[in-house]
Amino acid sequence: MISHGATVLPGGTGSVTALVIMGASGNLTHTKLAPALFNLYRKGRLPRHVHVIGVARDQWSDAEFRQRLRGAIGDANAAEWDDFASRLSYVPADVTDADALGAVSRRVGELAADDDRFNCLFYLALAPGLYAPAITALASAGMADESPGWRRIVIEKPFGSDLSTAQRLNQHIHSVFSEDQVYRIDHYLGKETVQNLLVFRFANSIFEPIWNRNYIDQVQITVAEDILVGERGEYYDRAGVLKDMFQNHLLQLLALITMDPPFAFQADALRNEKVKALSAVRRLNLRDVRHNLVIGQYDGYHYEPGVSPGSQTPTYAALRLFVDNWRWHGVPFYLRSGKGLSRKTTEMIIQFRSPPHMLFPVPEGVDIPGNTLSICVQPNEGMRLEFQSKVPDAELEMKPVSLEFHYDEGFAGVDLPDAYEHLLLDLLDGDASLFIRSDEIELAWSIIDPIVHSLDLPGAPAPYRYIPGMDGPPNGEELLLGDNRRWLPGCVEVGYGI
Ligand code: BG6
């Protein structure tokens, strides 16, 4: 949700809430959850009645668990840390074993002391194969029962590995928890600039009337990373960029750009509109995929630990999609993402149409492009609107100039919080707006599945090679050249934010 500062009462006297991190010895807890919780605490936003219980198989004591999290959060003064650490405890248990989870239940009971009301947020920071068994174990241990207080479950990505596994997982979850207890994470929705897209579109009146096929020529979404696959080779080789990035982050960005205004900023209203937008994305049949997809793999990918020799897994993809509804009919959406690219950047570029009639003299062979709105999600967060201006003291010569908004200038002194800070507060507040509903996740898989399957067919094109540090394979341009378009200069290339 947008207004945390205003809505959360840090001293809150509510019933005890146990944030049970299942998989507390893993990477997510150390790199994301612990720092985010500590930052919330430091900002006074972590309600007093929230306690964190780590659960994993390692035979750690409370003190050892605290010590490990201390190492994960970096700078902290001793008094702050001691106070925060007093809210951390640890229970060694196999999360798939209902009997072992009894110890977690008892620990929550001790925290609640005389209060017979207490809430539990179960955060599955686990390998995906453990989601279903952990949910079964929670149910068998009686921990899904809501009579003492609310119960919520948080599930990280990847949620399934295709449509049928996602459907099976949804069914399994729904046999224990109702949909309004389930919070599926896509951390991109926790990013400040991604949430700002909603405010930008729906808290201003000047953009919405032109946010459609009559004025927009094309939309480009780029999520580029300079890192390589590194130690995640085993997972990544099975997923590839289409499942790892497109099925979730890129389709979520697409949904936020293309959705209609919800009637209220309220979880179901918002998610209904995203579901409508994703339903309208044209499904590519196997033949169409060839004309709408370019894939690449960086040189040296085969040497990453866990990657199978001769793997054809794409580490880069560029995809053209269409959204078949009145608002977007005929507007191409070009999406690209990859690892081992020249830089890390996430940006969305909305290219408006050129003026229908140019009354000013334009030199032979020069096209005057339409206005461009660049939404820079990361780094150098902000926006840039480019338009034509008359060059002063010259005879009707035009030049593109820009209006820019930079977070670090517009909101000087405010550090953009990590996505997990937002998401954790929303979880505690029970606000599901920034979490993915079951129908939404299945729709996203139904868009990506045929594309991924086409790559397994005999005669499927091999990924083009590219050298790490490039902008993907040169063939990434092919997709656009056929449409007489090209990748537009992004936020960094135009000197934005530098
Ligand atoms: C994750 C992917 O979901 O997002 C990773 O699994 C990727 O492969 C990461 O590196 C990118 O997230 P961010 O926030 O760094 O852009």
Side-chain angles (χ1 to χ4, degrees), residues 23 26-33 35-36 39 124-129 131 154-162 166 183-197 221-256 295-298 301 304-307 311 313-317 335-348 375-381 407 415-424 434-436 441 444-445 448 452 468 472 490-492:
N27 193 37
L28 181 74
T29 308
H30 287 78
T31 57
K32 294 292 179 189
L33 301 183
N39 277 340
L124 304 193
L126 298 168
Y131 295 160
V154 190
I155 302 174
E156 275 285 341
K157 73 167 270 269
F159 190 94
S161 53
D162 57 14
Y183 294 74
R184 297 173 193 78
I185 294 230
D186 182 317
H187 77 279
Y188 265 55
L189 295 184
K191 290 183 192 274
E192 198 72 49
T193 31
V194 173
Q195 292 173 54
N196 190 40
L197 194 53
I221 304 178
T222 299
V223 182
E225 296 187 278
D226 48 3
I227 53 166
L228 303 179
V229 166
E231 309 212 313
R232 298 169 74 221
E234 209 180 310
Y235 149 76
Y236 194 89
D237 205 36
R238 276 179 281 117
V241 68
L242 288 161
K243 293 184 180 187
D244 186 51
M245 298 296 286
F246 280 70
Q247 185 273 339
N248 36 71
H249 310 322
L250 279 101
L251 286 184
Q252 282 298 319
L253 295 176
L254 177 75
L256 293 175
I295 51 170
Q297 187 186 74
Y298 64 77
Y301 173 71
E304 303 282 15
V307 169
S311 163
T313 297
T315 59
Y316 169 95
L335 280 55
R336 65 178 161 165
S337 180
K339 292 214 188 290
L341 302 183
S342 60
R343 58 168 196 265
K344 178 169 178 68
T345 178
T346 298
E347 56 202 29
M348 296 172 269
I375 302 170
C376 309
V377 173
Q378 60 184 14
N380 304 321
E381 294 84 353
Y407 270 80
D415 285 338
L416 291 184
D418 184 78
Y420 277 87
E421 289 184 34
H422 266 293
L423 297 176
L424 282 164
L434 300 178
F435 298 85
I436 317 291
I441 212 138
W445 277 120
I448 294 300
V452 171
C491 296
V492 177

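Both ligands and their constituent atoms are indexed starting at 1 by order of listing. Please read these numbers as outputs of a predicted model, since none were measured by experiment. Atoms considered below: every heavy atom in the structure, side chains included; atoms not considered: hydrogens, waters and symmetry mates.
The closest protein non-hydrogen atom to atom 12 (O) of ligand 1 is His187 NE2, 3.1 Å. For atom 5 (C) of ligand 1, the nearest protein heavy atom (residue, atom name, distance) is Arg232 NH1, 3.3 Å. Closest to atom 13 (P) of ligand 1 among all protein heavy atoms lies Lys344 NZ, 3.4 Å. Distance from atom 7 (C) of ligand 1 to its nearest protein heavy atom, with residue and atom name: Glu225 OE2, 3.3 Å.
Tyr298 places a side-chain N or O within 3.5 Å of a backbone atom of Val229 that can act as its donor or acceptor partner. Using modelled atom types, no side-chain atom of Gln252 and backbone atom of Ile436 make a donor-acceptor pair closer than 3.5 Å. The closest donor-acceptor contact from the side chain of Glu347 to the backbone of Cys491 lies under 3.5 Å. Between the side chain of Ser337 and the backbone N or O of Val223 there is at least one donor-acceptor pair closer than 3.5 Å.
Close N/O approach between Gln378 and ligand 1 is found [any backbone or side-chain N/O within under 3.5 Å].
Distances below 4.0 Å separate heavy atoms of His249 from the following atoms of ligand 1: 1 (C), 3 (O), 4 (O). Listed by atom number, the atoms of ligand 1 under 4.0 Å from Lys157 heavy atoms are 1 (C), 2 (C), 3 (O), 6 (O). Under a 4.0 Å criterion applied to the non-hydrogen atoms of Asp244, ligand 1 contributes the atoms 2 (C), 5 (C), 6 (O), 8 (O). Within ligand 1, the atoms closer than 4.0 Å to a non-hydrogen atom of Lys339 are 5 (C), 7 (C), 8 (O), 10 (O), numbered from 1 in the order shown. Short contacts between ligand 1 and Tyr188, defined as distances under 4.0 Å to a heavy atom of the residue, involve ligand atoms 12 (O), 13 (P), 14 (O), 16 (O). Interface atoms of ligand 1 facing Lys191, defined by a heavy-atom separation under 4.0 Å, are 13 (P), 14 (O), 16 (O).
Side-chain atoms of Gln378 and Thr346 form a donor-acceptor pair, as typed in the model, at a separation below 3.5 Å. Between Glu156 and His187, the side chains place no donor N or O within less than 3.5 Å of an acceptor N or O (distance only, hydrogens not considered).
Listed here is the closest heavy atom pair of Pro158 and Tyr131: O-CE1, 3.6 Å.
With values rounded to the nearest 0.5 angstrom, Thr29 atom OG1 is found 12.5 Å from Lys32 atom NZ.
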